[in-house]
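One structure below.
Everything numeric here is computed off the predicted structure, so don't read it as measured data. Side-chain atoms are counted along with the backbone in the values below, which use heavy atoms only and exclude waters and symmetry mates.
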Amino acid sequence: MRDLNSQSQPQSSILLEWYDQHARSLPWRISPADRAAGVWPDPYRIWLSEVMLQQTTVAAVKDYFHRFTSRWPTVADLAAAPDADVMAEWAGLGYYARARNLLKCARVVAQDYGGIFPNTYDGLIALPGIGPYTAAAISAIAFDRQATVLDGNVERVMARLYDIHVPLPTSKPQLKEKAAALTPAERPGDHAQAVMDLGATICTPRNPACGICPWRTPCAARAARTATELPKKTPKKPKPTRIGIVYLARSAAGDWLLEQRPDKGLLGGMLGWPGSDWTDSPDSPAPAPPFEADWQLLNAEVRHTFTHFHLILRVMLAELPAEFAAEENQRVIARHDFKPTDLPTVMRKAFDLWKGC
DNA sequence: CAATCGTGGTA
DNA sequence: TTACCAAGATT
């Protein structure tokens with residue numbers, strides 16, 4: 001007799017059928033026609049897309065991916081690029097340590113590996129900026145290896161599929177085990193992308209579309225009506241508000257004074273306006289203008305929220321003296337070389353405030 | 001291990 | 001307006 005439990009175990013084959021019909025066309029993906037013709041993705045493009053996609057939405061990544069791949073078509077091209085060019089191209093995407101590690105990684109691959117990415121999980125995870133998720137993703141998607149990805153989507157899908165109420169990150173090993181048990185030997189890369197697509201389009205954090213989910217039959221959370229409350233997460237700490245000052249100095253010719261921030265820490269390696277430290281106290285922060293001048297306070301403030309604090313920035317303006325002697329980390333950028341899009345968003349907001357005056 | 005590290009979209 | 005969230009890595 002037919003085993004009624006046969007449908008109670010989720011199967012990769014069901015998910016892959018759904019994926020073949022619903023896969024989104026993405027710039028780093030091989031089209032179904034190409035894949036049928038035996039074309040495999042370029043590991044460089046998979047690596048680049050996966051690093052950009054770390055904690056970042058597909059919508060935000062698309063344009064950056066196009067700009068990077070058209071400007072630097074190969075890992076060797078990227079490895080040869082000046083640091084400042086890469087940081088400027090990454091500006092606005094956030095988590096700037098990714099850009100610094102991207103360059104480090106490209107240079108290791110170009111110089112130590114002859115421009116060929118290692119094709120194993122162990123080889124990949126040893127590279128800068130490649131952690132457990134990204135190593136698994138590249139292994140599976142670019143090299144057809146049976147690796148299991150565990151990102152936020154997979155965590156959510158597994159927690160619901162098996163109705164796991166243990167909060168993250170404690171439940172992570174358990175979720176990884178479930179995800180690994182579902183990973184097929186055939187098409188592991190498509191399977192990985194299918195689970196993530198499922199999480200991004202059907203098994204969403206709020207209002208999951210359980211009725212049209214390919215795994216609706218075996219889903220334990222759907223049966224228990226607990227899907228929307230999963231996965232549980234340990235509560236986050238509240239964000240403090242910090243206050244700071246930035247100094248916009250513009251010469252009579254329209255040139256701007258900027259600073260390259262230190263490699264470590266917030267906005268590391270990026271251009272920014274000279275300024276004070278950002279303090280927690282409501283007291284006005286110690287002024288630290290880059291030169292003595294008649295600094296004018298703009299009549300509006302920058303408000304910006306980082307991962308773990310809110311920031312209020314006061315913006316001061318003065319004319320940059322022609323004889324100004326720049327420090328080592330400072331750059332006087334000519335009017336026509338200055339592009340606000342080269343700045344991280346919080347710094348661009350300060351510029352926008354001036355522009356609106 | 002808990003903290004750090006960006007930004008934009010969404011309810 | 002606020003809080004949550006997104007194809008996480010590093011220390």
Each nucleotide N or O in nucleotides 2-5 of chain C that has a protein N or O under 3.5 Å away: list the pair and distance.
none

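Whole-Å rounding puts the A/Leu175 CG to C/dG8 P distance at 14 Å. Atom CZ of A/Arg98 and atom P of C/dT10 are 12 Å apart (whole Å). Distance, A/Arg242 CZ to B/dG6 P: 12 Å, rounded to whole Å. Here the P atom of nucleotide C/dA6 and the CD atom of A/Glu155 are 9 Å apart, to the nearest Å. Rounded to an integer number of Å, the gap from A/Tyr96 OH to C/dG8 C1' is 17 Å. Rounded to whole Å, atom P of C/dT11 lies 12 Å from atom CG of A/Asp263. Rounding to whole angstrom units, OH of residue A/Tyr95 and C1' of B/dT4 are separated by 8 Å.
Using a 4.0 Å cutoff on non-hydrogen atoms, the parts of residues 51-63 of chain A near DNA chain B are A/Gln55, A/Thr56, ordered by number.
Side-chain atoms of A/Asp151 lie closest to C/dG8 of the nucleotides C/dG8, C/dA6, B/dG6. When the nucleotides C/dA7, C/dG8, B/dT4 are ranked by their closest atom to the side chain of A/His308, B/dT4 comes out on top. Closest approach to the A/Arg348 side chain among B/dG8, B/dT7, C/dG8 is made by B/dG8 (side chain taken as heavy atoms from C-beta onward). Distance from the side chain of A/Arg29 is smallest to C/dA7 among C/dA7, B/dC5, C/dA9.
Nearer to the 5' terminus of DNA chain C, by closest-nucleotide assignment, is the contact made by A/Asp197 (compared with the other of A/Asp197 and A/Lys264). In this structure, A/Lys349 and A/Pro169 both approach DNA chain B, and ranking their closest nucleotides by distance from the 5' end singles out A/Pro169. Where A/Lys237 and A/Met347 meet DNA chain B, the nucleotide closest to each residue was compared, and A/Lys237 sits on the side nearer the 5' end.
Taking the centre and axis of the six-membered ring of A/Phe309, the NZ or CZ atom of A/Lys239 falls outside the cone set by 45° and 6.0 Å.
Side-chain atoms of A/Asn153 and A/Glu155 form no donor-acceptor pair, as typed in the model, at a separation below 3.5 Å. When only modelled atom types and interatomic distance are considered, A/Gln54 and A/Thr134 share a side-chain donor-acceptor pair under 3.5 Å. In summary, the side chains of A/Gln55 and A/Arg98 do not present any donor paired with an acceptor at a separation below 3.5 Å, with no hydrogens or angles considered.
Only the P atoms considered, B/dG6 is 14 Å distant from C/dT11, to the nearest whole Å. One C1' atom belongs to C/dA7, the other to B/dA3, and the distance between them is 22 Å to the nearest Å.
A/Phe143 and A/Met196 fall into different hydrophobic clusters, defined by Ile, Leu, Val, Met, Phe, Trp and Tyr side-chain heavy atoms under 4.5 Å apart, directly or through other members.
The phosphate of B/dG6 has neither OP1 nor OP2 within less than 4.0 Å of any side-chain N or O from A/Thr307.
In this model, no side-chain donor or acceptor of A/Tyr133 finds a partner on the base of C/dG8 within 3.5 Å.
Between A/Arg187 and A/Asp190, at least one side-chain nitrogen of the basic residue sits less than 4.0 Å from a carboxylate oxygen of the acidic one, meeting the salt-bridge criterion. With respect to the salt-bridge test (charged N to carboxylate O, under 4.0 angstrom), the residues A/Asp163 and A/Arg225 do not qualify.
Between A/Trp278 and A/Phe306, the ring planes are parallel. Angles under 30° get that label, and only those over 60° would be called perpendicular.
Every residue meeting the ring pair (Phe, Tyr, Trp, His ring centres under 6.0 Å) condition with A/Trp72, not counting sequence neighbours, appears here in chain and number order: A/Phe68.
Considering only heavy atoms from C-beta on, A/Trp273 stays 4.5 Å or farther from A/Tyr247 through its side chain.
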